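Everything numeric here is computed off the predicted structure, so don't read it as measured data.
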Amino acid sequence: MSSSGQSLQLFTVDLKHGWQFKQTNDDSKNAWLPVKQVPSTVHQDLIDNKKLDDPFVGFNEIKAEWVGTTAWTYQTEFTSPQVPSGSVAVLAFDGLDTFAHVKLNGLTILKADNMFFPYRVDITKALARADKHTLEIEFESAILKGQEIKKQHPEHKWVGFNGDMGRLAVRKAQYHWGWDWGPILNCAGIWRPARIEVYQSRISDLRTDVVIADDYKSATVHVSASIESHSKDGLTAEFIVRSASQVVARSEVEVATSRSTTAELRIANPELWMPNGYGNQTFYHVDISLKSGAATLHKDTRRLGIRKVELVQQADKHGKSFFFRINGVDIFCGGSCWIPADSFLTNIKPERYRSWIELMVPANQKMIRVWGGGIYEDDAFYDACDELGILVWQDFMFGCGNYPCYPAMLDSVKAEAIANVKRLRHHPCMAIFAGNNEDYQVQEACNLDYDYEDKNHDNWLKSNFPARYIYESLLPKVMSSEAPAIPYHPGSPWGDGKRSSDPTVGDIHQWNVWHGTQEKYQIFDSLGGRFNSEFGMEAFPHIDTIKTFVEKEEDLFPQSHVLDFHNKADGHERRIATYLVENVRSNPELKAYIHLTQLIQCEALMFGYRGWRRQWGDDRRCGGALVWQLDDCWPVTSWAIVDYYLRRKPAYYAMARVLAPVAVGIRRQHHDWSVTHAREPKTQEWELWAVSSKLDQVSADLEVRFISVKTGKEIKEKIVQKGVKLTANGSTDVARGQVDNVSEEPHVLAARLWIGGKLVARDTDWPQPLKYLAFPERNVRVTVQSQGQGSEMHVSVDRPVKCLVFEEREGCHLSDSAIDVVPGDDQVITARGVREGDKALGWTYLGAGEQ
């Protein structure tokens, strides 16, 4: 051990390698197994040692459930690093999952109980006693521990949706208990980095509050740093703000005896950070160097985007608005909800996070919602959102339950919230924090106490819905103290104390398509609210994904046992069947069945997004829509628009079209064929509109054609509107009309929109339901032309074609898919990654099997 009194720059010893693990109660000779590296999860470590079959395959999930009810011990040995006199050594864990008993050389140094909290333990004295050390961590079963804590609190009403209610007592990713899209794989382990830090002084927190002038021509960065020091020497802190390599502001200050320091750094004419599609994602860096004399002890940095985010909630003719304004620009937040992208979190590498978020950009999505039953995501996730301009709606980690509020729980939640808000607040992508996911819906469904007019916080804790205290007292105080510039919302959904389904205020989760009353998706837009933060429709994943978990050829049919097992939604068989039988002619062949479920999802989300985006122009009646969900945590049939292997479902492309910078919409009046006992109307009204997210008015030409489904001929003269002025950042009604002789000549309404002579948008409206239509002899022609690193597919038809879908091949990126094609309007799809000599991509469409 060094006894040098010299100043020491902070250095770390990474504890990534050299670990082994075993079942805690296994004392056999060969119990210890090697760990490739940490971070890790016990399931993956067992798989690596061939002690567990892949739980994603077949029924192996059931065979793996024992892992979550077992205690596990991890162990490593290390040599003491040099710890100079006046310095300390700290053992730092960024994440332990979850009930972790940490021993150093046989002595307990930490008992952790929160997966979301980073732990630090001073081990200076322990290191001074010897050169070699043994570090051991025992992880108790979170399942059993949760059940134990639940029994200790009979005064609480343990109710909720999904999983065992013992989960409510555990500060851990709730989806590990199983969800209606995910398996029961309750993990344990060192799930985020572990290291030893040696230092004399360090920057324990760097806070950057940005205040932008009303005219956006200057910005002030209020920087504050918390310093942990074990030196009596005077310290200084140098702050620098830089844009790329150019220094734009600098300040050097003495560190106060309180070991904190502040500075104000002004940026003239800042380049603003804007969301995807509205401008550039420009960054500034705030660097801090902590110095003792000429020696630098520690450095830290934060990457910033200069932006102002507002959640606009104002009384209007529709109730109370709910939309986001970034740097003075109103943003319609079309996007997706996000669940953890793997059941085993350490398998998601930074490049995989980047690949997921990259998918959102060509799909014209603006926001992603981090759901409250998962985790506060990895830094790589938020870095990708910053760089690609995707706004983040961040739930706190409470999902679908009535959470207890005994003192130890409140202390843990407060520490968790502060730690994670501090970690995330500097990201320009952060648009809002919300208190929970659907906990107010649990309150309503289970008739728990909730008197919105009662503002006595102590009363909330005494009620049978004590978690109101967390969402309306504890978390708002944390946000006000730690990140006052980021909006806070008590829950999702929540609307100023009204029922969570109130469409006039707050956000809503609209599940009366699929769940609930199972309405027809053709009226999705009429079911929306001021902000639709969840809605969705299930669809099968692609056949290549299915083949990764179906081991036997005889199980490759739509209703096989293993396929049902890989769909966790209650009543999914009935719901899928309902929406199929209502809308299309079913087909028992698996590939055709997959296409049909994906077509239904595609149509459902299109009807929702298209109508809600139109409402944006009606005094911001709808401020945004976030589909449930973007991704999957394993290969499964779910509401995801992109499956576990990043294979895009048709709905992904439909969303991209309706969220394009300029889009056209056409639809005929809905006719409920069920209520009328399949009697068709003699006439139907139709309407044509356009939407634009451009901030300036543009001029467009529009066209509507009326094309027979049967013959492909135009049955009446087309309508053309030229020089239509499209409302900036809004919607424009263009034309209305009437469809006659509905049953005699079923026909497609085909709309197109040009700007400056360039075709930029299409839309079609088909007679509903599609099952009443026959689709023989479409004569679809797909001609492939090689183009450098990809190819072009030129598509033409003789008769209208519904949902022409191209194969999703690994390494291939399509410019579009799931397209409707009509005669006289050839379309060109680019396929990046398909080279000359490669097999042409397969394709199909509705009714292809009828020929």
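- A salt bridge is absent between Lys132 and Glu77: the closest approach of a Lys/Arg side-chain nitrogen to an acidic carboxylate oxygen does not fall below 4.0 angstrom.
- Checked options Tyr644, Phe549, Tyr645; the residue passing with Phe56 is Tyr644 (criterion: ring-ring contact (aromatic ring centres under 6.0 Å, His included)).
- Remark: Arg202 qualifies as a cation-pi partner of Tyr199 under the 6.0 Å distance and 45° angle criteria applied to the six-membered ring.
- Between Asn186 and His176, the side chains place no donor N or O within less than 3.5 Å of an acceptor N or O (distance only, hydrogens not considered).
- For Asp209 and Arg207, the salt-bridge test passes: some basic side-chain N is under 4.0 Å from an acidic carboxylate O.
- Using a 4.0 Å cut-off between charged nitrogen and carboxylate oxygen, Lys36 and Asp45 do not count as a salt-bridge pair.
- Put simply, the side chain of Tyr119 gets close to the backbone of Asn114: a donor and an acceptor are under 3.5 Å apart.
- A side-chain contact (heavy atoms from CB on, under 4.5 Å) with Ile137 is found for exactly one of Val38, Thr73, Ile190, Thr76, namely Ile190.
- Remark: Glu197 engages Arg120 in a salt bridge, criterion side-chain N to carboxylate O under 4.0 Å.
- Between Phe381 and Trp338, a ring centre-to-centre spacing shorter than 6.0 Å is recorded.
- Ring pair Phe433/Tyr488: centre-to-centre distance not below 6.0 Å.
- Panel note: side chain Ser80, backbone Ala130; a donor-acceptor pair is recorded below 3.5 Å.
- Between the side chain of Trp177 and the backbone N or O of Leu168 there is no donor-acceptor pair closer than 3.5 Å.
- The number of heavy-atom neighbours closer than 6.0 Å to NZ of Lys299, taken from other residues, nucleotides and ligands shown, is 12 or below.
- Annotation: salt bridge (charged side-chain N to carboxylate O under 4.0 Å, His left out) contacts of Asp122 (sequence neighbours excluded): none.
- Although no hydrogens or angles enter the test, the distance criterion places no donor-acceptor pair under 3.5 Å between the side chain of Asp26 and the main chain of Ala31.
- For the pair Arg195 and Phe93, the cation-pi criterion (under 6.0 Å, within 45° of the ring axis) is not fulfilled.
- Between the Asp342 side chain and the Phe344 main chain, a donor and an acceptor come within less than 3.5 Å of each other.
- Side-chain N/O atoms of His101 and Thr108 include a donor and acceptor closer than 3.5 Å.
- A ring-ring contact (aromatic ring centres under 6.0 Å, His included) with Trp371 holds for exactly one of Trp393, Trp179, Phe398, Tyr376; it is Trp179.
- At a cut-off of 3.5 Å, with distance as the only test, no side-chain donor of Tyr406 or Gln152 sits close to an acceptor on the other residue.
- Around the CD atom of Glu351, the shell of radius 6.0 Å holds more than 12 heavy atoms that belong to other residues, nucleotides or ligands.
- Checking side-chain atoms of Lys291 against main-chain N and O of Gly293 turns up no donor-acceptor pair under 3.5 Å.
- Side-chain atoms of His457 and Ser473 form a donor-acceptor pair, as typed in the model, at a separation below 3.5 Å.
- Counting all heavy atoms, side chain and backbone alike, Ser412 lies closest to Arg171 at OG-CG, 4.0 Å.
- In this structure, Tyr74 has its ring center under 6.0 Å from that of Phe21.
- Side chain to side chain, Asn347 and Gln44 meet the donor-acceptor criterion of an N or O pair below 3.5 Å.
- Here the rule is side-chain contact (heavy atoms from CB on, under 4.5 Å) with Pro55, and of Ile184, Val67, Ile47 only Ile47 fits it.
- In the model, Asn437 has no side-chain atom that pairs as donor or acceptor with a side-chain atom of Ser492 under 3.5 Å.
- Using a distance-only test at 3.5 Å, with no hydrogens or angles considered, a donor-acceptor pair links the side chain of Thr70 to the main chain of Trp66.
- Judged by distance alone, the side chain of Asn436 and the main-chain N or O of Asp439 form a donor-acceptor pair under 3.5 Å.
- With hydrogens and angles ignored, the 3.5 Å screen pairs a side-chain donor or acceptor of His566 with a backbone N or O of Gly58.
- We find that Glu61 and Lys568 are joined by a salt bridge, their nearest charged nitrogen and carboxylate oxygen being less than 4.0 Å apart.
- For the pair Arg259 and Glu228, the salt-bridge criterion is not met [side-chain N within less than 4.0 Å of a carboxylate O].
- Using cut-offs of 30° and 60° on the angle between ring planes, the pair Phe59 and Phe565 is tilted.
- Separation of the Trp19 and Trp72 ring centroids does not fall under the 6.0 Å cut-off.
- Under the 4.0 Å criterion applied to side-chain N and carboxylate O atoms, Glu387 and Arg303 are assigned as salt-bridge partners.
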- [ ] Would you check, one step at a time, whether the test side chain to side chain contact (heavy atoms under 4.5 Å, CB included) holds for Asp27 with Lys22?
- [x] CA-CA 9 Å; Asp27 295 323; Lys22 72 180 184 75; 4.0 Å; yes
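- Here the side chain of Lys172 pairs a donor or acceptor atom with the backbone of Cys187 at under 3.5 angstrom.
- In terms of heavy-atom proximity, Arg302 sits nearest to Leu206 at NE-O, 3.4 Å.
- Looking only at side-chain heavy atoms (C-beta outward), Ser355 and Leu646 come within less than 4.5 Å of each other.
- Between the side chains of Asp632 and Ser638, at least one donor-acceptor pair of N or O atoms lies under 3.5 Å.
- Residues Thr41 and Asp97 form no side-chain contact, since every pair of their non-hydrogen atoms from C-beta on lies 4.5 Å or further apart.
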